[in-house]
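Below: one structure, written as structure tokens.
Because the structure is a prediction, the values reported are computed rather than measured. For the single chain, residues carry numbers from 1 onward in sequence order. The figures that follow rest on heavy atoms only: side chains count, while hydrogens, waters and symmetry mates do not.
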Amino acid sequence: MQTLPAVRQLWRDVILFDGYRQWSEPMAVLAEQGIVAGLWPEHEFVSSMAQGAHEAGRGGVMTPGLVDCHTHLIYAGDRAGEFEQRLEGVSYEEIARAGGGILSTVRATRNASEEDLIKSSLPRLDALLADGVTTVEIKSGYGLTVADELKMLRVARRLGQLRPVRITTTLLGAHALPPEYAKDSDGYVDLVCREMIPLAARQQLADAVDVFCEGIGFSPAQCERIFQAAIQEGLAIKIHAEQLSNLGGSALAARYGALSADHVEYLDEAGVQAMAEAGTVAVLLPGAFHVLRETTLPPIDALRRHGVPMAVATDANPGTSPICMPTLMLNMACTLFRLTPREALAGMTRHAAQAIGHPELGHIVPGAPADLCIWDINQPAELAYAIQAGRLRQRVFGGVVQNVR
């Protein structure tokens with residue numbers, strides 16, 4: 001893979017999807033010192049507008065770099081056996097209550113060193129990058145002790161030093177109840193609030209705090225305590241909510257100004273309205289919906305009607321979405337959830353950036369970071385239409401061009 005430095009780079013005659021819309025005519029785009037410096041309709045462009053720029057390419061489709069706003073990328077072990085169990089009729093909840101599910105990954109992750117976790121996580125991260133990702137959110141949640149949750153967050157930070165990618169980190173200490181607290185869920189929530197969150201904030205390891213609000217997770221009252229602790233430490237909040245049932249978690253999170261509510265298959269109208277009023281993004285996770293063979297669809301029409309931004313993410317994780325191909329999620333968002341290709345692509349660019357608290361990302365306008373993808377396709381809708389690896393021609397991160405092929 002050839003890498004070109006972040007100087008004045010010029011692309012000519014590209015079909016441009018800027019995170020908001022597809023431009024109706026070919027465009028010329030200039031990046032300088034890691035920033036989008038200009039864009040013009042091709043027929044208006046003259047060379048003096050980008051004097052001294054290196055022409056990085058012509059033709060193809062340019063999109064913002066993809067933003068994967070919900071992943072559980074760091075873990076040890078695998079759960080292929082549970083995949084077989086589910087195919088034989090055992091439910092996700094039954095597996096979890098029998099000590100499998102998240103807790104089986106917790107055991108493996110606790111036993112892994114930081115170097116072990118880096119080694120196992122890099123191939124997953126590389127797969128995302130090869131499919132156009134320039135920003136990825138990584139959650140903890142497979143340690144469930146103070147030391148192991150911080151270990152996972154340190155690994156996430158280190159991955160951002162090892163690869164040309166922007167990584168945001170989310171503390172998901174309230175992912176499941178660890179076996180040590182099997183009969184004391186409130187005691188574990190105390191640990192998350194009084195030790196885990198303050199330490200993660202003090203050591204600058206977490207950008208946000210997430211919770212799993214569900215019958216097999218944590219109650220709305222417990223989630224509210226965690227939100228309050230996170231806000232006190234100056235951390236943003238997110239929520240896994242309404243995946244298996246409707247506990248009102250999304251509305252609760254919205255009242256606390258959450259960046260996003262994720263999964264939301266069982267979200268009701270009141271929850272949608274609360275999210276709309278708060279500006280909370282609905283993060284759709286078609287990979288988990290597919291793997292778990294769910295049948296209750298997210299309320300797409302209600303989300304549209306109330307103007308709730310809809311992001312799309314891989315949810316890359318060992319149990320319910322072992323998928324590291326974001327363009328596949330674009331296709332699934334359309335085929336399973338009935339998003340339009342344009343909605344799906346906005347969901348993995350502009351709206352995904354909003355879901356991690358970085359609205360400066362995910363679009364192509366002068367002044368925005370030059371995180372870009374150039375694809376060997378004829379129109380942006382092809383990214384959702386076809387499930388096909390190898391279409392990425394160039395990946396641009398902070399103005400630095402990587403010629404993928």
Side-chain angles (χ1 to χ4, degrees), residues 70-79 82 95-121 124 137-160 167-214 216-219 221-240 316-320:
H70 181 131
T71 82
H72 305 256
L73 209 63
I74 296 169
Y75 59 85
D78 70 76
R79 281 152 59 186
E82 293 177 15
I95 291 171
R97 293 195 184 282
I102 291 170
L103 291 182
S104 66
T105 301
V106 168
R107 289 189 291 272
T109 303
R110 286 181 177 182
N111 289 329
S113 68
E114 290 189 25
E115 292 303 320
D116 291 335
L117 292 174
I118 289 171
K119 184 177 179 180
S120 63
S121 300
R124 296 188 280 267
E137 183 255 21
I138 300 178
K139 302 179 191 293
S140 65
Y142 294 129
L144 307 187
T145 67
V146 173
D148 287 304
E149 288 293 297
L150 297 183
K151 173 179 72 176
M152 292 185 68
L153 294 172
R154 283 194 298 271
V155 169
R157 292 290 196 218
R158 287 183 63 187
L159 291 178
I167 288 177
T168 67
T169 56
T170 299
L171 172 64
L172 182 56
H175 195 193
L177 194 62
E180 300 88 347
Y181 287 85
K183 297 182 179 180
D184 186 15
S185 60
D186 285 332
Y188 182 65
V189 171
D190 285 341
L191 177 72
V192 172
C193 292
R194 296 177 182 176
E195 295 187 41
M196 203 177 284
I197 291 173
L199 278 173
R202 192 175 311 141
Q203 296 178 24
Q204 298 184 324
L205 292 175
D207 302 308
V209 171
D210 199 346
V211 296
F212 183 31
C213 184
E214 194 54 73
I216 59 172
F218 297 87
S219 71
Q222 291 170 329
C223 293
E224 186 167 20
R225 290 176 54 199
I226 293 168
F227 292 158
Q228 291 168 347
I231 291 169
Q232 184 174 342
E233 295 294 339
L235 297 175
I237 60 171
K238 303 167 71 81
I239 191 169
H240 285 58
N317 75 73
T320 62

TODO: State, to 0.1 Å, how close G141 and V106 come at their nearest heavy-atom pair, and which atoms those are.
DONE: O-CG2, 4.3 Å
TODO: Kindly indicate whether the side chain of D78, heavy atoms from C-beta on, has any atom under 4.5 Å from the side chain of P318.
DONE: no
Open item on the list: Show the nearest heavy-atom pair for residues E82 and S104, with the distance to one decimal.
Closed with: OE2-OG, 3.2 Å
- [ ] List the atom of M196, the atom of V146, and the distance in Å for their closest heavy-atom pair.
- [x] CE-N, 3.9 Å
Task: Inter-residue atom distance K139.NZ - N317.CG, 0.5 Å rounding - done: 11.0 Å
Open item on the list: With a 4.5 Å cut-off on side-chain heavy atoms, are P179 and L103 touching?
Closed with: yes
Task: Taking every non-hydrogen atom, the tightest pair across L144 and A176 - done: CD1-O, 3.5 Å
Under 3.5 Å, which donor-acceptor pairs do the side chains of residues 151-160 form with other protein atoms, sequence neighbours left out?
from: K151; atom 1: NZ; to: T109; atom 2: O; distance (Å): 3.0
from: K151; atom 1: NZ; to: R110; atom 2: O; distance (Å): 3.4
from: K151; atom 1: NZ; to: A112; atom 2: O; distance (Å): 2.6
from: K151; atom 1: NZ; to: D148; atom 2: OD1; distance (Å): 3.1
from: R154; atom 1: NE; to: E114; atom 2: OE2; distance (Å): 2.7
from: R154; atom 1: NH2; to: E114; atom 2: OE2; distance (Å): 2.9
from: R157; atom 1: NE; to: Q204; atom 2: O; distance (Å): 3.3
from: R157; atom 1: NH1; to: T169; atom 2: OG1; distance (Å): 3.3
from: R157; atom 1: NH1; to: D207; atom 2: OD2; distance (Å): 3.2
from: R157; atom 1: NH2; to: T169; atom 2: OG1; distance (Å): 3.4
from: R157; atom 1: NH2; to: Q204; atom 2: O; distance (Å): 3.0
from: R157; atom 1: NH2; to: D207; atom 2: OD1; distance (Å): 3.2
from: R158; atom 1: NH1; to: E115; atom 2: OE2; distance (Å): 3.0
from: R158; atom 1: NH2; to: E115; atom 2: OE2; distance (Å): 2.8

- [ ] Please examine the side chains of H240 and L172, heavy atoms only from C-beta on, and report whether any two atoms are closer than 4.5 Å.
- [x] yes
Open item on the list: So D190 and D184, do their side chains get closer than 4.5 Å, heavy atoms only?
Closed with: no
Atom pairs and distances, side-chain donor-acceptor, residues 232-239, under 3.5 Å, sequence neighbours left out:
from: K238; atom 1: NZ; to: S260; atom 2: OG; distance (Å): 3.1
from: K238; atom 1: NZ; to: A355; atom 2: O; distance (Å): 2.8

Task: Heavy-atom pair with the smallest gap, counting every atom of Y75 and R124 - done: O-NH2, 3.0 Å
Open item on the list: Can you tell me how far apart CG (L73) and OG (S121) are? Round to the nearest 0.5 Å.
Closed with: 5.5 Å
Open item on the list: Which residues pass the ring-ring contact (aromatic ring centres under 6.0 Å, His included) test with F218, not counting sequence neighbours?
Closed with: none
TODO: Measure the spacing between CG of L117 and CD1 of I74 and express it to the nearest 0.5 Å.
DONE: 7.0 Å
TODO: List for me each residue that meets side-chain hydrogen bond (donor to acceptor under 3.5 Å, both in side chains) alongside D186, sequence neighbours excluded, and say none if there are none.
DONE: Q222
Task: Which atom of H175 lies closest to which atom of F212, heavy atoms considered - done: O-CD2, 3.3 Å
TODO: Output all residues satisfying side chain to side chain contact (heavy atoms under 4.5 Å, CB included) with N111, sequence neighbours left out; order by chain, then residue number.
DONE: none
Open item on the list: Just verifying a value: how many Å separate I102 CD1 and H72 NE2, rounded to the nearest 0.5 Å?
Closed with: 7.5 Å
TODO: Sequence neighbours left out, what passes side chain to side chain contact (heavy atoms under 4.5 Å, CB included) with E224? Give chain and number order.
DONE: Q228, L252, Y256
- [ ] Verify the neighbour count for atom CZ of R107: are there more than 12 heavy atoms of other residues, nucleotides or ligands below 6.0 Å?
- [x] yes
TODO: Measure the spacing between OG1 of T105 and CZ of R79 and express it to the nearest 0.5 Å.
DONE: 4.0 Å
